[in-house]
Amino acid sequence: MAATRLVLTDFRNHEDAVLAPGPGFVVLSGENGAGKTNVLEALSLLAPGRGLRRAPLAEMARQGGSGGFGVAARLGETDIGTGTQAGAPERRLVRINGATAAATSLAEWVSVLWLTPAMDRLFVDAAGERRRFLDRLTLALASGHAHHATRYDAAMRERNRLLADDAAPDVDWLAALEARMAEHGAAIDAARREAVSALAERLAAQPEGPFARAGLALEGWRGDADTLARELAAGRRRDAAAGRTLAGPHRADLLVTHLGKRQPAHLCSTGEQKALLLGLVLAHAELVAERAGRAPILLLDEVAAHLDPGRRAALFARLEGRGQVWMTGTEPGLFEAVPGGATRYHVADGTVLAE
Ligand SMILES: Nc1ncnc2c1ncn2[C@@H]1O[C@H](COP(=O)(O)OP(=O)(O)O)[C@@H](O)[C@H]1O
Ligand SMILES: [Mg+2]
């Protein structure tokens with residue numbers, strides 16, 4: 001899976017950038033603030049969700065531009081476009097081969113996964129960040145995951161609102177919402193568990209190498225649709241008092257341990273945590289390529305700069321021939337050891353020039 005053409009229109013500091021990268025490594029270098037991460041963010045919008053910065057859509061439209069933005073990509077035979085229009089800066093439009101589509105359906109066409117400096121704190125952050133990370137991993141293995149998550153969240157919000165507003169809420173309506181939550185919640189939980197166990201198995205079977213191996217476990221709620229429906233029905237009064245739903249897969253957490261050190265990830269050094277995350281993402285990309293028969297597009301923002309030359313070379317070697325891998329850095333020299341055939345761009349002040 002590779003974007004062979006990428007056009008950014010009024011996307012952040014890129015007024016009109018056109019890229020025609022090859023299918024393997026794509027290197028973006030340029031000084032701080034040039035617009036490298038912005039290109040990766042544009043690519044991350046080819047997946048369902050809010051992209052790698054989790055920013056509001058209105059923020060992405062170029063200041064001084066038309067008010068909307070566009071990201072268009074060609075992937076194999078498929079044209080994917082997404083963006084906003086001036087009158088509705090928070091409404092994301094998606095087109096697949098020219099036809100309007102739901103953002104959740106993007107997962108059927110392409111998998112995009114990223115590693116950014118902001119994720120350095122993933123193991124010490126609140127559970128929500130890890131859950132989102134886990135959901136991205138899961139989505140690449142189960143394309144219906146985003147659909148279930150959207151439906152589950154919508155039903156939960158509606159249930160919370162009903163419990164908060166109504167002294168005597170409509171019991172049939174509540175039960176219908178809970179049935180919807182149960183159906184989609186069980187699917188979410190099952191897909192996550194499958195992803196975690198496949199990935200954990202793969203990591204455990206790997207030899208010790210330059211990237212740390214993670215042990216993985218899903219913690220928090222577990223059960224099937226019937227259990228969840230029962231728990232929700234029994235928890236109405238409690239949830240009304242709390243102002244939120246206290247049981248369900250939206251409370252899960254991904255527990256990560258450093259297998260070599262037998263340490264929980266959050267106790268590892270910053271460098272060890274980075275290595276764990278990188279090892280995890282690499283193993284996941286390989287798993288997806290094997291399962292889906294198509295490698296995900298990998299976005300590695302400022303990853304190379306933090307690796308010693310030996311690990312950097314090991315990273316390039318491991319990713320060679322494994323689909324499209326976008327890498328950014330301030331120094332082109334960081335990417336000297338990237339194997340031949342890479343597409344190299346120099347990014348400066350919102351322009352992207354092929355080298
Ligand atoms: N909506 C926007 N319109 C215009 N410029 C923007 C917008 N959002 C961010 N920028 C600019 O983009 C630049 C940051 O780009 P970024 O891709 O993060 O740089 P880097 O090359 O360091 O990764 C900053 O100068 C920022 O002001
Ligand atoms: Mg950047």
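Just so you know, ligand 1 is whichever comes first in the structure, and atom 1 is the first atom listed for that ligand.
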So is Arg53 touching ligand 1 or not, going by heavy atoms under 4.0 Å?
yes

Indicate yes or no: does an N/O atom of Glu302 lie under 3.5 Å from an N/O atom of ligand 1?
no

Heavy atoms of other groups near Arg238 CZ, more than 12 under 6.0 Å:
yes

Starting from atom 17 (O) of ligand 1, what is the nearest protein heavy atom, named by residue and atom, and what distance separates them?
Asn38 N, 2.8 Å

Give a yes or no on whether Thr328 keeps an N, O or S atom under 2.8 Å from the Mg ion (ligand 2).
no

Can you tell me which portion of Glu41 lies within the under-4.0 Å heavy-atom range of ligand 1? Options are side chain, backbone, both, or neither.
neither

protein heavy-atom neighbour closest to atom 7 (C) of ligand 1 works out as Arg12 CA, 3.7 Å

Side chains of Val7 and Val71, heavy atoms from C-beta outward: is any pair under 4.5 Å?
no

Using the six-membered ring wherever Trp is involved, compare the ring planes of Phe25 and Phe316 and label them parallel, tilted or perpendicular (cut-offs 30° and 60°).
perpendicular

Judged by modelled atom types alone, do Asn38 and Arg53 share a side-chain donor-acceptor pair under 3.5 Å?
yes

Considering only non-hydrogen protein atoms, determine which one is nearest to atom 11 (C) of ligand 1 and report residue, atom name and distance to 0.1 Å.
Asn13 CB, 4.0 Å

Hey, are Arg121 and Glu129 close enough for a salt bridge, meaning a charged N less than 4.0 Å from a carboxylate O?
no

Less than 3.5 Å between some nitrogen or oxygen of Asn32 and one of ligand 1, yes or no?
no

When you measure from atom 3 (N) of ligand 1 to every protein heavy atom, which one gives the shortest distance, and what is it?
Gln63 N, 2.9 Å

List every atom of ligand 1 that sits less than 4.0 Å from any heavy atom of Ala61, numbering the atoms from 1 in the order shown and giving each element.
1 (N), 2 (C)

In terms of side-chain geometry, is the basic nitrogen of Arg5 or Asp79 positioned less than 4.0 Å from the acidic oxygen of its partner?
no

For the pair His147 and His184, name the ring-plane relationship: parallel under 30°, tilted 30 to 60°, perpendicular over 60°.
perpendicular

Protein contact for atom 27 (O) of ligand 1 (heavy atom, distance under 4.0 Å):
no

Closer than 4.0 Å to some heavy atom of Glu31 - which atoms of ligand 1 meet that?
21 (O)

Between Glu183 and Arg180, is there a salt bridge with N-O shorter than 4.0 Å?
no

So which heavy atom in the protein is nearest atom 22 (O) of ligand 1, and how far is it from that ligand atom?
Gly33 N, 2.7 Å

For ligand 1, which atoms, with element, lie under 4.0 Å from some heavy atom of Gly35?
15 (O), 16 (P), 17 (O), 19 (O), 20 (P), 21 (O)

How about Val256 and Leu216: do any of their side-chain heavy atoms sit closer than 4.5 Å?
yes

Is the shortest distance from a heavy atom of Val347 to ligand 1 less than 4.0 Å?
no

Glu15 and ligand 1 - part of the residue with a heavy-atom distance under 4.0 Å
neither

Going by the angle between their ring planes, with limits at 30° and 60°, are Trp326 and Tyr345 parallel, tilted or perpendicular?
parallel

